[in-house]
Protein chains: 2
Amino acid sequence: MANIYSVAKAARVSVATVSAVVNKSAYVSPQLRSRVEAAIEKLGYQPNLMARSLAVRKSHMLGMIVPDIANPFWPEVVRGAEDKAHELGYTLLLSNGDDAPAKEELYLRLFLAKRVDGIILTKAPGRPMKPEIAQALEKAHIPLTLLLRVQKGLSGDSVLLDDKEGAFEAVTHLLRLGYRRIGVIAGSNAVSTSRRRLEGYRQAHKEWGVAVDPALVGVGNFRIDSGYAAGRDLLKKRPEAIFISNYLMAVGFMQALRQYQLRCPQDIAIVTCDDHPWLDSFTPRLTTVNFPKYQVGAEAARVLVDRLTTRDRPIETVQLKSSLTIRESCGYSLRALAV
Amino acid sequence: MANIYSVAKAARVSVATVSAVVNKSAYVSPQLRSRVEAAIEKLGYQPNLMARSLAVRKSHMLGMIVPDIANPFWPEVVRGAEDKAHELGYTLLLSNGDDAPAKEELYLRLFLAKRVDGIILTKAPGRPMKPEIAQALEKAHIPLTLLLRVQKGLSGDSVLLDDKEGAFEAVTHLLRLGYRRIGVIAGSNAVSTSRRRLEGYRQAHKEWGVAVDPALVGVGNFRIDSGYAAGRDLLKKRPEAIFISNYLMAVGFMQALRQYQLRCPQDIAIVTCDDHPWLDSFTPRLTTVNFPKYQVGAEAARVLVDRLTTRDRPIETVQLKSSLTIRESCGYSLRALAV
DNA sequence: TTGTAGGCGTTATCAA
DNA sequence: TTGATAACGCCTACAA
């Protein structure tokens with residue numbers, strides 16, 4: 001493939017001149033410029049970005065670790081991040097950490113070796129980041145922006161959701177409809193997101209002066225199986241309503257419901273997290289806490305690139321707002337009169 | 001960050017020796033080896049993969065263009081491709097082409113500039129690939145593996161689905177249940193996948209000696225809106241059943257159904273393409289043509305890397321098999337006696 | 001305004 | 001067995 005020397009030769013100029021016209025980094029006389037441009041055209045010259053990165057010591061690549069792109073929560077987030085990254089001139093390197101610290105470390109090391117300029121990380125729960133890795137990141141001046149989850153020991157910019165407020169609204173909605181025995185299926189306690197949603201659940205109860213029955217608090221891991229398992233347990237305790245911390249666990253919960261031949265919302269009301277376009281079309285139509293997924297990803301890329309391009313800026317924490325989308329699964333239509 | 005010179009100095013050896021131990025590319029005496037290893041450890045040395053790529057003229061990166069990661073069909077495919085790529089020592093560069101030729105060209109050029117070793121492409125419909133780009137790919141020896149869709153003028157390895165057979169099975173299932181006025185919502189005719197699914201639909205009718213009513217053939221673009229629009233039109237023609245070419249259009253169709261206050265499967269039976277774990281949990285439970293999405297992605301990466309590592313191999317075309325997952329939306333339970 | 005030359009971090013080819 | 005040294009393709013002072 002053509003390189004800068006071949007176009008320089010073809011245009012009868014030096015490589016510096018070619019570089020100048022390619023990067024518009026210096027004035028080049030019209031004659032030379034057009035000769036260079038003609039040569040570029042003729043040879044189909046594409047600057048080698050790897051070589052350029054090596055020279056300028058900037059890869060213009062961003063690493064991103066999400067738990068699992070196959071979990072329907074993430075695609076939109078990734079799409080947002082990718083769109084914004086490209087818009088700003090960066091390429092995204094995507095990895096699935098599976099919430100496993102070992103995998104996360106593997107990918108972090110890969111990012112380090114690839115000399116990405118920055119990293120968007122949704123931290124795996126459990127083991128905190130290895131000091132060696134944290135130091136290497138530090139030494140290489142590779143900034144981290146935390147996505148959704150925070151963890152003590154990890155500092156940096158972050159873009160978060162209003163998990164607590166979202167859960168609070170959701171559970172308040174249920175309380176307002178008259179439900180009192182409200183269960184919850186939370187995610188792992190090791191994840192800040194889960195903890196904050198659980199706090200929201202508790203806070204709502206407190207404000208309404210309703211005691212939380214500990215037997216109605218279930219814990220899962222954000223995957224379908226765990227929603228099913230937690231659902232089987234919880235349903236024995238006869239809750240009137242339930243708040244579920246993400247979509248996949250809600251799917252699992254529905255399986256349990258089906259098995260017990262219970263109907264929603266007649267036998268039990270449901271409010272879940274994460275909205276999806278298709279929820280409108282199937283029954284029961286879920287009432288959900290709707291997080292701005294695309295925007296989360298876009299903001300993460302934006303914040304990270306800001307950090308990269310303007311130095312000495314204070315740490316930035318953006319918190320995006322959720323909104324409650326009310327459909328039938330919360331029993332709204334049945335209970336409306338009770339409001 | 002430490003480079004090969006600093007570890008060479010720290011270990012009092014030459015860079016060649018360091019390189020040899022890092023890559024195990026030559027015998028190094030135990031003494032020197034351990035000195036080098038100690039230095040690497042101490043300095044936290046990570047070889048710079050960009051520099052290495054420049055030197056060996058291999059980036060170990062694969063470009064991948066999918067229409068839209070936010071369309072729930074793709075995440076699993078991408079996950080499969082990513083897992084396999086990593087397993088084989090490659091990194092995936094993901095881009096969303098939005099089925100827009102202009103975007104596709106943009107990303108193809110980016111891949112070219114980044115010197116990816118190979119490209120997995122789900123071709124956008126419409127305009128064929130620009131000759132200049134095709135030639136550049138050719139000249140740079142960057143192989144293409146086609147994902148799901150073929151297009152005349154584009155050659156190379158490919159991994160495809162048995163679209164026609166899948167659709168044939170689906171529609172045959174409906175015919176077997178006794179439906180005769182069976183509609184279809186196909187994807188764009190410019191996409192080979194759509195055409196083949198439509199062929200399957202026609203073939204099934206032919207084999208059963210049932211004439212296809214042209215008024216029952218709708219066309220969309222794989223997105224929700226188009227499913228809704230096509231649904232509104234089609235429902236006026238009073239089909240007894242319908243076959244829909246992908247999940248998102250099925251979601252749109254359900255909206256139309258809801259608007260007309262029609263029930264599935266009592267008023268109309270539905271079979272769609274693309275299965276998802278959550279389809280089990282919501283009503284109507286869709287009968288679907290289940291494509292092995294993860295495997296599609298994994299195979300694409302595998303085929304591409306095979307092409308990269310063993311030369312002079314014949315073009316490979318892998319075709320993966322679908323299977324019909326029967327639930328209630330096809331009216332199976334209502335019609336079972338009729339079989 | 002244009003060109004020369006050194007550096008970015010590796011690998012690979014030869015000598016020694 | 002080890003070590004110089006020339007690529008790899010580009011950028012960027014610094015000179016002219």
Side-chain angles (χ1 to χ4, degrees), chain A residues 1-37 39-40 43-61 89 112-117 136 139-142, chain B residues 1-37 39-40 43-61 89 112-117 136 139-142:
Chain A
M1 199 163 171
N3 63 18
I4 201 171
Y5 285 98
S6 44
V7 336
K9 191 190 295 180
R12 304 191 312 278
V13 298
S14 74
V15 295
T17 305
V18 177
S19 178
V21 355
V22 168
N23 302 304
K24 305 185 204 317
S25 54
Y27 180 84
V28 177
S29 65
Q31 310 103 54
L32 286 203
R33 166 186 306 285
S34 64
R35 257 158 55 193
V36 169
E37 279 163 353
I40 287 177
L43 299 178
Y45 170 66
Q46 284 274 12
N48 183 325
L49 259 25
M50 289 192 315
R52 175 182 291 172
S53 293
L54 189 59
V56 302
R57 305 162 66 82
K58 277 198 174 55
S59 65
H60 273 242
M61 298 200 302
L112 229 25
K114 289 220 166 245
R115 302 297 192 269
V116 299
D117 291 341
K139 262 179 58 181
H141 299 290
I142 302 179
Chain B
M1 199 163 172
N3 63 17
I4 201 170
Y5 282 98
S6 43
V7 337
K9 192 189 295 180
R12 304 188 314 279
V13 299
S14 73
V15 294
T17 305
V18 177
S19 179
V21 355
V22 168
N23 302 304
K24 304 184 205 318
S25 54
Y27 182 84
V28 177
S29 65
Q31 311 102 56
L32 286 203
R33 166 187 305 286
S34 64
R35 258 160 52 197
V36 169
E37 279 163 352
I40 287 177
L43 299 177
Y45 170 67
Q46 284 274 13
N48 182 326
L49 292 184
M50 290 191 314
R52 174 181 293 172
S53 293
L54 188 60
V56 301
R57 306 161 65 83
K58 278 198 174 54
S59 65
H60 273 242
M61 299 200 302
L112 229 25
K114 289 222 165 244
R115 302 296 192 269
V116 299
D117 291 341
K139 263 179 57 181
H141 299 288
I142 301 180

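Proteins come first, then strands; the chains are lettered A, B, ... in the order of their sequence lines, and each starts at number 1.
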Side chain of B:Val56 - closest among D:dC11, C:dT2, C:dA12
C:dA12
Gap between atoms CG and P, on A:Leu54 and C:dT11 respectively (whole Å):
12 Å
In whole Å, what is the span from the NZ atom of A:Lys58 to the C1' atom of D:dC10?
15 Å
Are B:Ser14 and D:dT2 close enough that a side-chain N or O sits under 4.0 Å from OP1 or OP2?
no
Interatomic distance, A:Gln46 CD vs D:dC8 P [rounded to whole Å]:
20 Å
What nucleotide, of C:dT11, C:dG7, D:dT2, holds the atom closest to the side chain of B:Ala55?
C:dT11
Does A:Ser19 make a side-chain N or O approach to OP1 or OP2 of D:dC11 shorter than 4.0 Å?
yes
Among the nucleotides D:dC10, C:dT2, C:dG9, which one has an atom lying closest to any side-chain atom of A:Thr17?
C:dT2
Is there a side-chain polar atom (N or O) of A:Asn23 under 4.0 Å from OP1 or OP2 of D:dC11?
yes
Can you tell which of D:dG3, C:dT10, D:dC10 lies closest to the side chain of A:Ala51?
D:dC10
Ignoring backbone atoms, test whether B:Arg57 places a side-chain nitrogen or oxygen under 4.0 Å from the OP1 or OP2 oxygen of D:dG9.
yes
Side-chain N,O (B:Tyr5) to OP1/OP2 (D:dG3) below 4.0 Å:
no
Distance from A:Arg12 atom CZ to A:Leu32 atom CG, nearest 0.5 Å?
9.0 Å
Of the options D:dT1, C:dT2, C:dT4, whose atoms approach the side-chain atoms of A:Val28 most closely?
C:dT2
Hey, could you give me the CZ/CE distance between A:Arg52 and B:Met50, rounded to the nearest 0.5 Å?
12.5 Å
What is the distance, to the nearest angstrom, from the CG atom on A:Leu49 to the C1' atom on C:dC8?
15 Å
Spell out, as yes or no, whether a donor-acceptor pair under 3.5 Å connects the side chain of B:Arg115 to the backbone of B:Leu112.
yes
Taking only side-chain N and O atoms of A:Ser53, does any of them lie within less than 4.0 angstrom of OP1 or OP2 on C:dC8?
no
Let me know the distance between CE of A:Met1 and P of D:dC8, rounded to the nearest Å.
16 Å
How long is the straight-line distance from OG of B:Ser53 back to CG of B:Asp117, given to the nearest 0.5 Å?
7.5 Å
Report the nucleotide, chosen from D:dT1, D:dC10, D:dG3, that has the shortest atom-to-atom distance to any side-chain atom of B:Ser29.
D:dT1
Candidates C:dG9, C:dG3, C:dT1 - which lies nearest the side chain of A:Val13
C:dG3
Using whole Å, what does the distance between atom C1' of nucleotide C:dA12 and atom NZ of B:Lys24 come to?
18 Å
Look at the side-chain N and O atoms of A:Asn3 and state whether any lies under 4.0 Å from the OP1 or OP2 oxygen of D:dG9.
yes
Please report the distance, rounded to the nearest Å, between CZ in B:Arg12 and P in D:dT2.
13 Å
Expressed in angstrom and rounded to an integer, what is the separation of B:Tyr27 atom OH from D:dG3 atom C1'?
17 Å
Can you find a pair of side-chain heavy atoms, one from A:Thr17 and one from A:Arg35, that are under 4.5 Å apart?
no
Among the nucleotides D:dG3, C:dT2, C:dA5, whichever has the atom closest to the side chain of A:Val15 is C:dA5
If you measure from CZ on B:Arg57 to NE2 on B:His141, what distance do you get to the nearest 0.5 Å?
10.0 Å
